[in-house]
Amino acid sequence: MSRVAVVQSPPVFLDRAQTLAKAVGSVREAAQAGAQLIVFPEAFIPGYPAWIWRLRPGGDMALTEKLHSLLRANSVDLSGEDLAPLSQAAKRDKVAVVCGLHERDSDFGGGTLYNTVVVIGPDGAILNRHRKLMPTNPERMVWGFGDASGLKAVETPCGRIGVMICWESYMPLARYALYAQGVDIYITPTYDSGERCIATMQHIAREGGCWVVSSGCAFRAQDIPDAVPGKAELFRNPDEWVNPGDSVIVAPGGKIAAGPMHEEFGILYADIDLERVGMARRSLDVVGHYARPDVFQLHVNTKPRRPVEFADPHGMSDSADRELE
């Protein structure tokens, strides 16, 4: 039996350092409550860019540039120490942490951001990095497209974890790729909310025979600092719930175990028994006895999608060189 915690609270928008400090405090609180797996929302560091749903594509270009500049400056470079406070907190409290963030590409041009979720192990090491495969609608003005190199399940003391972001949960083949890796806990940091979102989580728990943990973004207009460019024009009613959260934890088979947490802040807890995964798959195992590989086949390209490969003096590309190491 493992205890899972879902943190539903607003970040400090466009401030990586303060948001990380807030996350570290939430890790400590959840760990003291017995949680072994702690989940944060989509793009939590430094906040989901809700303004993209309110900006005009042409007329607000100058404001868009200001916001994006701040977003990029406070994004996370995983090749450096930007995420160190959260990794150290996971190691300190011996917990696994799943957190959404804006990741800044540092391998090539340095100008592209990705909607990324990281899984951090109890030793503080990053076990997986998943970049959102398909940003939704105006999100494509903020984030690049991810690849399937992070579309994988990883082992943790709480079970085998797979991560999908928001509307990726509406991609049947992506879900199937995780099911095929024996995922015990399907985690989805998301900006989605409402009855249809919750019903989707229940469907996935039934379809995949797994635990589903949906970590929703919850914040009001007043939670966006006044210093954020365009705040007064885009979020005029301070009492407005820009997003209600609706975090929920669903047991294998589809029964809600905790939540949904609607228009409130806090930490949602549930105790997870992995035995229920096997019980749920006894009658429906969509990648086992209920699969028909003689009829249907799925091929997943897990190779990182690189824009350029450089050949060494021996005529071997750098990617091929790494494969030989």
pair E233-D60: side-chain heavy atoms closer than 4.5 Å = no
query = Should F40 and V154 be counted in the same cluster of Ile, Leu, Val, Met, Phe, Trp and Tyr side chains packed under 4.5 Å apart?
reply = no
request  = Say whether, by atom type as modelled, one donor and one acceptor occur between the side chain of S75 and the main chain of R72 under 3.5 angstrom.
outcome  = yes
task = Compute the ring centroids of Y114 and F145, then answer whether they are less than 6.0 Å apart.
result = no
note = Nearest heavy-atom contact between A291 and V286 is CB-O, 3.3 Å
ask   = Linking I/L/V/M/F/W/Y whenever their side-chain heavy atoms sit closer than 4.5 Å, directly or via other members, would I185 and L127 fall into one cluster?
value = yes
ask   = Are R131 and E103 within salt-bridge range, i.e. N to O under 4.0 Å?
value = yes
ask   = Heavy atoms, side chains only, cut-off 4.5 Å: are W51 and K231 in contact?
value = no
query = Relative to the ring of Y48, is the ring of Y191 parallel (under 30°), tilted (30 to 60°) or perpendicular (over 60°)?
reply = parallel
ask   = Which heavy atom in A280 sits nearest to a heavy atom in P252, and how many Å separate them?
value = CB-CB, 3.6 Å
key: Over 12 foreign heavy atoms within 6.0 Å of OH, Y290   = no
request  = State yes or no: do L67 and F235 share one hydrophobic cluster built from I, L, V, M, F, W and Y residues joined by side-chain heavy-atom distances below 4.5 Å, directly or via other members?
outcome  = yes
ask   = With distance as the sole test, does D246 use its side chain to make a donor-acceptor pair with the main-chain N or O of G194 at under 3.5 Å?
value = yes
query = Should S149 and T302 count as side-chain neighbours, where that means a heavy-atom distance under 4.5 Å?
reply = no
task = Start with the C-alpha distance between D93 and I38, add both sets of side-chain angles, then the distance that settles side chain to side chain contact (heavy atoms under 4.5 Å, CB included), and finish with yes or no.
result = CA-CA 11 Å; D93 292 314; I38 303 166; over 6 Å; no
query = Just wondering, are more than 12 heavy atoms of other shown residues or ligands nearer than 6.0 Å to CZ in F296?
reply = no
query = Going hydrophobic residue to hydrophobic residue with side-chain gaps under 4.5 angstrom, can you get from W53 over to V142?
reply = yes
note = On a heavy-atom basis, the closest approach of A148 and L133 is N-CD2, 4.1 Å
request  = For the pair E65 and H68, evaluate side chain to side chain contact (heavy atoms under 4.5 Å, CB included) and give the outcome as yes or no after the intermediate values.
outcome  = CA-CA 5 Å; E65 290 178 347; H68 192 82; 5.8 Å; no
Closest approach of R281 to H289 (non-hydrogen atoms, all atoms of both residues) = O-NE2, 3.2 Å
query = When you measure from the centre of the six-membered ring of Y269, is the NZ or CZ of R3 under 6.0 Å away and within 45° of the axis?
reply = yes
query = So which heavy atom on A218 is nearest to which on E264, and how close?
reply = CB-O, 4.3 Å
message = So V163 and L178, do their side chains get closer than 4.5 Å, heavy atoms only?
response = no
task = State whether the side chain of Q18 and the backbone N or O of V12 hold a donor-acceptor pair below 3.5 Å, judged by distance alone.
result = no
query = Does any non-hydrogen side-chain atom of P11 lie less than 4.5 Å from one of P46?
reply = no
query = Counting only heavy atoms not in M171, do more than 12 sit closer than 6.0 Å to its CE atom?
reply = yes
task = Name all pairs fulfilling the salt bridge (Lys or Arg N to Asp or Glu O under 4.0 Å) condition that reach into residues 13-27, sequence neighbours left out, sorted by first residue then second.
result = R16-D82
ask   = Does atom CZ of R175 have more than 12 heavy-atom neighbours, drawn from other residues, nucleotides or ligands, at distances under 6.0 Å?
value = yes
message = Taking CZ in R305 as the centre, count heavy atoms belonging to other residues, nucleotides or ligands within less than 6.0 Å. Is the count above 12?
response = no
message = According to a hydrophobic-cluster definition based on side-chain heavy atoms being under 4.5 Å apart (Ile, Leu, Val, Met, Phe, Trp, Tyr only), do L78 and I120 belong together?
response = yes
request  = Check the pair S169, Y186 against side chain to side chain contact (heavy atoms under 4.5 Å, CB included), reporting the backbone distance first and the verdict last.
outcome  = CA-CA 10 Å; S169 290; Y186 178 111; 2.8 Å; yes
inquiry  = Testing the 3.5 Å rule here: is there a donor-acceptor pair between the side chains of E42 and T190?
reply    = no
message = Whether the D192 and W167 side chains hold a donor-acceptor pair (N or O, under 3.5 Å, no angle test) is what I'd like checked.
response = yes
task = Mind listing the closest non-hydrogen atom pair of R220 and F265 along with its distance?
result = NH2-CE1, 3.5 Å
